[in-house]
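A short worksheet on the structure shown next.
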Amino acid sequence: MSTETQQNEVTEAAEATEQPEQAEAAEQPQAGKAEQSTKAAKKANTKKEKAPLTREQKKKRIRNFVIVPIMILVASFIRSLCVQVFMTSPELNFAPGGVTGIGTMIQYMTDDKFSAGYTNILINIPLLIIAFIFLNKGFAIKTACAVGLSSGGMVLMKEFNFPQYSGPNVEPVLGAIACGVLGGIAVAIMIRAGASNGGTDIIAALIQRKFQAAGITWFIMGLDAIVVLASYFVYKNGMTPVFMSFTQQFSSAMVGDVILTGFKSAIKYEIITDKPEELAAELISKLKHSVTKIDAMGMYAHSEKALLICVIYKRQVSEFNKILKKYDNTFAYVTSTSEVLGKFY
């Protein structure tokens with residue numbers, strides 16, 4: 001092999017050796033850039049994660065992690081109190097319906113040896129599992145916490161002989177009403193917290209999922225009525241436990257409805273007038289609620305009119321009527337609204 005050929009081979013080998021080195025050298029800046037971009041992306045993500053929460057996000061967190069747990073705790077305590085103080089009192093002894101009613105009847109039949117709290121938790125466990133699978137998971141978790149707390153409260157109150165509404169001067173009807181009032185407060189708090197008392201509430205929600213056209217209230221009433229009627233054969237003192245159960249349920253429903261919607265109810269006036277500007281100005285000035293104007297025509301005389309719509313609080317009805325009497329050729333009709341959402345000015 002000639003010297004020239006050897007030199008060529010050495011040169012080619014050197015070049016071949018240099019090419020990977022050059023490639024590596026060229027790749028190093030690129031790798032460095034990629035690494036830098038990765039670090040920059042991580043820093044950007046960290047900054048995003050550490051971004052300050054908005055006011056609404058803070059409110060939501062406070063509600064979910066502070067207010068809602070307190071609401072569930074309070075409602076569960078009230079529910080346990082109702083069972084111990086009123087429902088299982090020797091002078092009262094009635095079943096309120098639902099799983100709690102079943103529990104109170106079992107406690108009565110076992111001479112207070114098996115607490116209603118045990119029955120409540122045992123029946124609710126499979127229902128809660130089904131609710132977690134087929135219904136809203138947040139609802140199921142909150143309801144499970146409520147069931148656990150209320151059942152535990154029933155057991156503890158019974159074990160430590162918490163005072164009951166009993167004695168020679170006890171009025172059973174008053175006890176049932178008091179139990180209903182407290183129960184209504186507990187139900188309203190639980191609904192506001194996005195949970196339920198479990199039992200028939202879960203069954204009704206599952207049934208309504210299948211038959212969405214029907215109202216869930218009717219399912220709950222039907223299931224509770226079955227338990228209440230069964231109490232007639234358990235307590236063996238006539239229709240008294242049944243009447244007391246219905247009294248308690250009626251009181252509970254009324255109080256719960258007032259708490260949930262009563263404070264938000266209002267009156268809607270629709271007014272036909274030919275002096276819309278003057279009337280609207282006075283209503284806004286004195287009642288502090290705005291008025292919506294719609295152009296209208298009276299078809300009897302084919303005269304131009306105005307339709308004013310105004311929503312006010314119930315306590316302002318008397319003042320509203322006084323204002324309305326000042327304007328001739330004006331009449332109004334009233335509609336009661338069950339709930340007003342948002343701020344109405």
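No hydrogens, no waters, no symmetry mates; every other heavy atom, side chains included, goes into these values.
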Side-chain donor-acceptor contacts of residues 63-74 below 3.5 Å, not counting sequence neighbours, with atom names and distances?
residue, atom, partner, partner atom, Å
Arg63, NH2, Arg192, O, 2.5
Asn64, ND2, Lys60, O, 3.3

Could you list the donor-acceptor pairs under 3.5 angstrom formed between side-chain atoms of residues 243-250 and any protein atom two or more places apart in sequence or on another chain?
residue, atom, partner, partner atom, Å
Ser245, OG, Ala95, O, 2.4
Ser245, OG, Pro241, O, 2.8
Thr247, OG1, Phe243, O, 2.8
Gln249, NE2, Pro96, O, 2.5

side-chain contact (heavy atoms from CB on, under 4.5 Å), that's the test. Do Lys142 and Met190 meet it? Break it down for me.
CA-CA 9 Å; Lys142 292 174 187 177; Met190 203 72 77; over 6 Å; no

For Glu270 and Lys268: C-alpha separation, side-chain torsions, deciding distance, then whether salt bridge (Lys or Arg N to Asp or Glu O under 4.0 Å) applies.
CA-CA 7 Å; Glu270 294 188 9; Lys268 183 179 77 170; 3.2 Å; yes

Go through Met157 and Phe77 one step at a time and tell me if the side-chain contact (heavy atoms from CB on, under 4.5 Å) criterion holds.
CA-CA 10 Å; Met157 286 182 181; Phe77 173 77; 3.5 Å; yes

Would Tyr269 and Asn321 satisfy side-chain contact (heavy atoms from CB on, under 4.5 Å), going step by step from the backbone distance to the final call?
CA-CA 10 Å; Tyr269 276 89; Asn321 292 338; 3.1 Å; yes

Going through the distances and angles, do Tyr108 and Val234 end up as a side-chain contact (heavy atoms from CB on, under 4.5 Å)?
CA-CA 8 Å; Tyr108 174 80; Val234 173; 3.9 Å; yes

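The backbone N or O of Gln316 lies less than 3.5 Å from no partner atom in the side chain of Glu319, so there is not a single donor-acceptor pair. Gln164 places a side-chain N or O within donor-acceptor distance of the main-chain N or O of Gln84, the cut-off being under 3.5 Å. A donor-acceptor contact shorter than 3.5 Å is absent between the side chain of Ser151 and the backbone of Gly148. Counting only distance, with no hydrogens or angles, the side chain of Thr104 and the backbone of Met87 share no donor-acceptor pair below 3.5 Å. Between the side chain of Ser285 and the main chain of Ala281, no donor-acceptor pair closer than 3.5 Å is present. No donor-acceptor pair closer than 3.5 Å links the side chain of Ser150 to the backbone N or O of Arg79. In terms of modelled atom types and a separation under 3.5 Å, the side chain of Asn124 and the main chain of Gly198 share no donor-acceptor contact. The backbone N or O of Gly184 lies less than 3.5 Å from a partner atom in the side chain of Ser252, making a donor-acceptor pair.
Every residue was checked against the side-chain hydrogen bond (donor to acceptor under 3.5 Å, both in side chains) condition with Asn136, not counting sequence neighbours, and none meets it. For Lys59, the salt bridge (charged side-chain N to carboxylate O under 4.0 Å, His left out) criterion is met by no residue, not counting sequence neighbours. Taking the side-chain contact (heavy atoms from CB on, under 4.5 Å) definition, one finds that Ile203 meets it with Leu127, Ile207, Leu223, sequence neighbours left out.
By the 6.0 Å contact criterion, CE on Met254 is open, its count of non-hydrogen atoms from other residues, nucleotides or ligands being 12 or less. Residue-environment remark: CD (Gln57) exceeds the threshold of 12 foreign heavy atoms within 6.0 Å. No more than 12 heavy atoms of other residues, nucleotides or ligands sit less than 6.0 Å from atom OH of Tyr118.
Annotation for Asp274 and Asp328: closest pair OD1-O, 4.0 Å, computed over non-hydrogen atoms. Nearest heavy atoms, Ser231 versus Met105: CA-SD, 3.6 Å. Taking both residues in full, the closest heavy atoms of Lys305 and Asn329 are given as NZ-O, 4.2 Å, listed atom of the first, atom of the second, then distance. Among all heavy-atom pairs drawn from Leu182 and Cys82, the shortest one is CB-SG, 3.5 Å. When every heavy atom of Leu308 is checked against every heavy atom of Leu279, the shortest pair comes out as CD1-CD2, 3.9 Å. Contact detail for Lys293 and Ala306: the closest heavy-atom pair is CE-CB, 4.2 Å.
Ile133 is connected to Leu135 through a chain of hydrophobic side-chain contacts under 4.5 Å among Ile, Leu, Val, Met, Phe, Trp and Tyr, so both are in one cluster. Hydrophobic clustering (side-chain heavy atoms under 4.5 Å, transitive across Ile, Leu, Val, Met, Phe, Trp, Tyr) keeps Val317 apart from Tyr333. With hydrophobic clusters built from ILVMFWY side chains whose heavy atoms lie under 4.5 angstrom apart, Ile271 shares a cluster with Ile323. Val83 is connected to Val181 through a chain of hydrophobic side-chain contacts under 4.5 Å among Ile, Leu, Val, Met, Phe, Trp and Tyr, so both are in one cluster. Note on Phe320 and Ile284: same hydrophobic cluster, where clusters join Ile, Leu, Val, Met, Phe, Trp and Tyr whose side-chain heavy atoms are under 4.5 Å apart, directly or indirectly.
With Glu282 as the fixed residue, the salt bridge (Lys or Arg N to Asp or Glu O under 4.0 Å) test singles out one of Lys325, Lys326, Lys288: Lys326.
Separating the CD atom in Glu171 from the CG atom in Leu92 is a distance of 10.5 Å, to the nearest 0.5 Å. Taking CG of Leu287 as the start and OH of Tyr313 as the end, the distance is 11.5 Å to the nearest 0.5 Å. Atoms CG and CG, on Asn197 and Asn120 in that order, are 8.5 Å from each other to the nearest 0.5 Å. With rounding to the nearest 0.5 Å, the separation of CG in Asn237 from CE in Met239 is 11.0 Å. Atom CG of residue Asp201 and atom CG of residue Leu206 lie 11.0 Å apart, to the nearest 0.5 angstrom. Put simply, CG on Leu53 and CZ on Arg61 are 4.5 Å apart, with the number rounded to the nearest 0.5 Å.
Inter-residue side-chain proximity for Leu307 and Ile272 is flagged as met; some heavy-atom pair is nearer than 4.5 Å. Counting heavy atoms from C-beta outward, His289 and Val311 have side chains that stay 4.5 Å or more apart. A heavy-atom distance below 4.5 Å is not found between the side chains of Ile202 and Ile130.
Other cluster members for Phe160: Leu156, joined by side-chain heavy-atom distances under 4.5 Å among Ile, Leu, Val, Met, Phe, Trp and Tyr.
Between Phe94 and Tyr235, the ring centre distance reaches or exceeds 6.0 Å.
For the pair Lys275 and Tyr327, the cation does not sit on the ring face, since its NZ or CZ is not both under 6.0 Å from the ring centre and inside 45° of the axis.
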